[in-house]
Amino acid sequence: MEYLNGIVERITYNNEQTGFCVIKIKSKGFRDLVTVVGNLSAVNVGAVLHLKGQWRYDSKYGRQFSVEDYRETVPATLAGLEKYLGSGLIKGIGPVYARKIVNYFKEDTLRVIEESVEYLAKVDGIGPKRLEMVKKAWQEQKEIKNVMIFLQGNGVSTAYAVKIFKTYGNDSISIVKNNPYRLADDIWGIGFKTADKIARQIGFEKDSYERCRSGIIYVLNEFANEGHCYAQREQLLAKAAKILEQEEGLISSTLETLVEEQSIILDEGNALYLPPFFYSEKGTAKRIREIMAGRKSLSCRSIREITKGLQDELGFDYDQIQLEAINAAASTKFMVLTGGPGTGKTTTILAIIHVLQRMGGRILLAAPTGRAAKRMSEITGMEAKTIHRLLEYKPPGGYQKTAENPLDCDVLIVDEASMIDIILMYNLLKAVPDEAAVILVGDIDQLPSVGAGNVLRDIIDSGIVTVVKLKRIFRQAMGSAIIRNAHRINKGMMPLLRGGRDSDFFFIEEEDPEKIAKTIKSLCTKRLPRYYKVNPLEDIQVLCPMQRGAIGAQNLNLLLQESLNPGSVSIKYGGAFFRPNDKVMQIKNNYDKNVFNGDIGIISNIDTENRIISINFEGNMVDYDTTELDEIIHAYATTVHKSQGSEFKIVVAPIAIQHYMMLQRNLLYTCVTRAKKILVLVGTKKAVGIAVSNDSIRQRNTLLAKRLAAGQ
C-alpha cells in the first residue's frame, strides 16, 4: 500500500451511477498534475486529500494512482479555499462569490460559514435570500457527506447520497442501517441490487426476511416494467430464486406472508399482483361497465339527419364504415375507433365532434402526451389536454378530478389510447361521470404502452364494447409512400424501399454500424436541413430500436450533440454534458414538476453558480438541480418506444442486424408511422425483412379482457 497527498485541481470524469472518478491533483514532489482514479464522488475541487492506494500503469492514459481509501481535510491556502467553495459544493456560492468571500474573510472563511454564517451578509451582493440558501446548503452538504462516508465505508457508490438525504433527512443513516431494502421501495433510481449490496456490507444475511421480501417486490416491479400487470406464481418463484440465490421453499414461505398481509394480491389462484396494478385492473373493468350501464345524457334524435346536413355543409361524403363510426359515437356509451394511417381517423373524429355538438353535447378532448394533445388541438380547433392536466394533478394531493369531483362533460374523446397503461386508465375512468360517453381512438397495431397493461387491445378483445375499425386507405393518403409502406409492413409484406426524388420514404443501404452512425449524423446535421430547409432540433428526430450499441440512442446522442450543439457552458452528470439548447427528454413521471415520461424539451438556461438547469417543455419552464439530472436524457435520438404518441416532421432511423432482439413488426410499424413528412431508414434489407416477418407480439400478463367479459 502506498500513500499520496495533494490538492484537487480538477475533476476530469465523474460517473454518478458508479461513483468512479478521474481527478487531477497537485502533489508536492511532482512537476505535473497527478492522475488519481477510484471511488471519489464525494470530493470537490480544492479539497486536500490524503490518499491510500497503489500506482499502476494504464496503456492508454499512462501512470495513475488507484485509490482504495482516502481522507479529506479542509484546504490550507486561500487559493485552495476559493476553489473548494466555488466548485459547486454549496448552492448559492459559485466561483464569483467564492472569490468575494475568501477575499473578505481570508483564513477565517470556513469558521465563519460554520459558526457565524450571518456575517456573509457583509460581502457585497449577498442578501438575505442568498444567505439563507448558503446556510441551508452548508448544513445539507455536511449531512450528505456523513451519508456518503457511511455508504463509502460499506463499499457502495455514494452517488445516491443526496437522494437518500432528501428522502430521509437526518434519519438517513439510521434508516439505512435498520433496513437498507427500504431504499429500493422509496427512492427512484435505487433498485434492489444496490440496496442488497449495502445490506450485505452492513451484515444482513442472505436468507433474511427483509432481503427475501425486497427481492420478491423487485421481481414483481421488473414484470411491471416489462408491461405485465401480474406474475404467475411459478414465474415469480423461478425469477426470485435466481436473483436471491435461495431455495424456492424459502421464497414461497415469504410470499405467503406477503399475501397474508396484502402487500401482494393473489387472484385467480395463480396471478400475483402488486396492489396498484390489481386495483387499477379491477377498477378499470368496473368503471367501463358502470359507464356502459349509465343513462345517456344525449338524446339520439335524428343522427342520420344531422350527419346528412353535415355532409351537405362540408361537401364531403363519408364512407359506410365512417358513417357507422359516427352513428356508434352518438348512440353508444363506450366505443373504440381504430385504424391505421390514412384510413380517415382524423376526418371521422372531426365528424363525430360536429355531430355530438349539434346534439348539444359538451365534449372534452385528451391524449396521453403533450405532443399528442397539441396535435389533437391543431386538428380539431378545440382545446385538448394531456390526461394528467385534464385530471388536474396537483402535488402532493394527487388528482383533483375524481369520482367525487368528476369531469364536466357529456363525451370524453381520448386519442392515442394504445399508449395508456392500466393505472392511468383507471384514474381517468374514475373521473368520468356515469352518464357521460367515452370514445377511445388509437391504432392497436402500434407498440403497446410503456407502462403495465395492454389496455386498448384488452378492451377490444373483451367483446363487450362497440369497436369500429377503419380499413379503407383514402386516395389522397395513397400518394404517401410512408402510408403505403406502413400498411404493407402491417400485412407482413416488405416495404417498397426504392424511393424517387419526390418520395417521402427513403432507404439508404449500409451494413457497417460505424458507417450507419456517420450517415445518420450527416443526414441530421447537413443533408436534410439543407434540402428541406428545416431546423434539425425541432423538425428531425432519430428513432432507434435500442439504447445501446454504436447505433443505439446513447451513442447517436453523443454524435449529434457534438455536431449540433458543441457549446462550452455545461453541467456534467453521469458522463454526459448538458448544455443550453440541448434537446432532452424526461424519463420518469414527475408530478411535482408537471412533466412526464417521454416529454421532450429544450434546455433554455444553465446557472453554473447555483447548479440549476432550466428546461422548456413546450411552454412549461422547469428547473432541475444537479441531483435531479438522472430524470433527463439527451433526445437528439430516442427509442421507438419513447416516441409513441408523437409525430415528427422528419424521422431518421437505423435498422440493422445488431438490433436483432428488437426487430419486430409492430416496432417497425410504429417507427414508420411517427414520420409526418419524410422517413429515412438507414441499414440493411435483411434487418427490414426480419422485422417485417417477426409478428410474435410478446404476450402481457393481464386479466382485463377476462374481467370485462365476465363482468367482474
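Judged as a ring pair (Phe, Tyr, Trp, His ring centres under 6.0 Å), and not counting sequence neighbours, the contacts of Phe223 are His228. Annotation: ring pair (Phe, Tyr, Trp, His ring centres under 6.0 Å) contacts of Tyr218 (sequence neighbours excluded): Phe192. Evaluation of the salt bridge (Lys or Arg N to Asp or Glu O under 4.0 Å) rule for Glu383 yields Arg389 as partners, not counting sequence neighbours. Every residue two or more places apart in sequence or in another chain that forms a salt bridge (Lys or Arg N to Asp or Glu O under 4.0 Å) with Lys593 is listed here: Glu628. Asn590 meets the side-chain hydrogen bond (donor to acceptor under 3.5 Å, both in side chains) test with Glu631; sequence neighbours excluded.
Other residues, nucleotides and ligands contribute at most 12 non-hydrogen atoms within 6.0 Å of the CG atom of Asp124. The number of heavy-atom neighbours closer than 6.0 Å to NZ of Lys193, taken from other residues, nucleotides and ligands shown, is 12 or below. In Lys206, the NZ atom is crowded: over 12 heavy atoms of neighbouring residues, nucleotides or ligands sit closer than 6.0 Å. Within 6.0 Å of CD on Gln262 lie more than 12 heavy atoms contributed by other residues, nucleotides or ligands.
Atom CD of residue Gln201 and atom CG of residue Asp196 lie 11.0 Å apart, to the nearest 0.5 angstrom. One finds the NE2 atom of His50 at 12.5 Å from the OH atom of Tyr70 (value rounded to the nearest 0.5 Å). Atom CG of residue Leu407 and atom CG of residue Leu428 lie 7.0 Å apart, to the nearest 0.5 angstrom. Atom NZ of Lys136 sits about 14.0 Å away from atom CG of Leu131, to the nearest 0.5 Å. With rounding to the nearest 0.5 angstrom, the CG atom of Asn581 is 11.0 Å from the CG atom of Leu564. A distance of 5.5 Å separates OG1 of Thr638 from CD1 of Ile633, quoted to the nearest 0.5 Å.
A donor-acceptor contact shorter than 3.5 Å is absent between the side chain of Asn555 and the backbone of Arg548. The backbone N or O of Ile190 lies less than 3.5 Å from no partner atom in the side chain of Thr194, so there is not a single donor-acceptor pair. A donor-acceptor pair is defined here as one N or O able to donate and one able to accept, closer than 3.5 Å; such a pair exists between the side chain of Ser377 and the backbone of Ala384. Checked by atom type and distance alone, the side chain of Asn565 pairs as donor or acceptor with a backbone atom of Pro580 at under 3.5 Å. In this structure a side-chain-to-backbone donor-acceptor pair under 3.5 Å is present from Asn178 to Ser174. A distance-only check finds a donor-acceptor pair linking the side chain of Asn557 to the backbone of Ala637 [under 3.5 Å]. Under a 3.5 Å cut-off, the side chain of Ser214 and the backbone N or O of Arg211 do not form any donor-acceptor pair. For Thr109 (side chain) and Lys106 (main-chain N/O), a donor-acceptor pair under 3.5 Å exists by modelled atom type. Under a 3.5 Å cut-off, the side chain of Asn427 and the backbone N or O of Ile423 do form a donor-acceptor pair.
Looking only at side-chain heavy atoms (C-beta outward), Pro368 and Thr386 stay at 4.5 Å or farther from each other. Here the side chains of Val117 and Val112 are not in contact, with every heavy-atom distance at 4.5 Å or above. Between Asp186 and Leu183, the closest side-chain pair of non-hydrogen atoms is not below 4.5 Å. Looking at Arg182 and Asn179, their side chains come closer than 4.5 Å, going by heavy atoms from C-beta outward. In this structure, the side chains of Leu274 and Ile217 come closer than 4.5 Å at one or more pairs of heavy atoms. Side-chain contact check for Met621 versus Ser604: some heavy-atom pair is nearer than 4.5 Å. Using a 4.5 Å cut-off on side-chain heavy atoms (C-beta onward), Asn597 and Lys588 make no contact. Between Asp599 and Arg371, the closest side-chain pair of non-hydrogen atoms is not below 4.5 Å.
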Task: Residues Tyr3, Trp55; criterion ring-ring contact (aromatic ring centres under 6.0 Å, His included); working and verdict - done: CA-CA 10 Å; Tyr3 298 87; Trp55 289 99; over 10 Å; no
- [ ] Decide side chain to side chain contact (heavy atoms under 4.5 Å, CB included) for Gln644 and Val450; before the verdict, give the C-alpha distance in whole Å, the side-chain angles of both, and the deciding distance to 0.1 Å.
- [x] CA-CA 9 Å; Gln644 288 171 266; Val450 175; 3.7 Å; yes
Open item on the list: Checking Gln586 against Tyr624 for the side chain to side chain contact (heavy atoms under 4.5 Å, CB included) test, could you report, in this order, the C-alpha distance in whole Å, the side-chain angles of both residues, the deciding distance, and whether it holds?
Closed with: CA-CA 11 Å; Gln586 177 78 13; Tyr624 293 74; 2.5 Å; yes
- [ ] I would like to know whether Ile25 and Leu51 meet side chain to side chain contact (heavy atoms under 4.5 Å, CB included); could you show each step before the answer?
- [x] CA-CA 11 Å; Ile25 70 166; Leu51 306 161; 3.9 Å; yes
Open item on the list: Run the side chain to side chain contact (heavy atoms under 4.5 Å, CB included) test on Leu391 and Gln400 for me, step by step, so that the C-alpha distance in whole Å, both residues' side-chain angles and the decisive distance to 0.1 Å come before the verdict.
Closed with: CA-CA 6 Å; Leu391 299 178; Gln400 304 303 298; over 6 Å; no
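For the residue pair Tyr636/Glu562, the side-chain donor-acceptor check at 3.5 Å is not satisfied. Counted by atom type alone, Lys24 and Thr12 present zero donor-acceptor pairs between their side chains at under 3.5 Å. Judged by distance alone, the side chains of Gln541 and Lys583 do bring a donor and an acceptor atom under 3.5 Å apart. Residues Asp623 and Ser614 bring a donor and an acceptor atom of their side chains to less than 3.5 Å of each other.
Closest heavy-atom contact between Phe277 and Ala224: CZ-CB, 3.6 Å. For the residue pair Val34 and Ser27, the shortest heavy atom distance occurs at CG2-CB, 4.4 Å. Taking both residues in full, the closest heavy atoms of Asp185 and Arg213 are given as OD2-NH1, 3.7 Å, listed atom of the first, atom of the second, then distance. A pairwise comparison of heavy atoms in Pro180 and Ala195 identifies O-CB, 3.5 Å as the closest pair. Nearest approach of Lys385 to Ala373, heavy atoms of both residues: C-CB, 3.8 Å. When all heavy atoms of Ile603 and Val584 are compared, the closest pair comes out as CD1-CG1, 4.0 Å.
In this structure, Lys401 fails the cation-pi test against Tyr399, since its NZ or CZ atom is not both closer than 6.0 Å to the six-membered ring centre and inside 45 degrees of the ring normal. Relative to the ring axis of Tyr426, Lys430 places its NZ or CZ within 45° and under 6.0 Å from the centre. Geometrically, Arg130 engages Tyr97 in a cation-pi contact, judged by NZ or CZ lying under 6.0 Å from the ring centre and within 45° of the ring axis.
Using a 4.0 Å cut-off between charged side-chain N and carboxylate O, Lys52 and Glu68 make no salt bridge. Asp582 and Arg579 are not joined by a salt bridge, as no carboxylate oxygen comes within less than 4.0 angstrom of a charged side-chain nitrogen.
Listed by first and then second residue, the ring-ring contact (aromatic ring centres under 6.0 Å, His included) pairs involving residues 575-604 are His388-Tyr591, His388-Phe596, Tyr393-Tyr591, Phe578-His634, Tyr591-Phe596 (not counting sequence neighbours).
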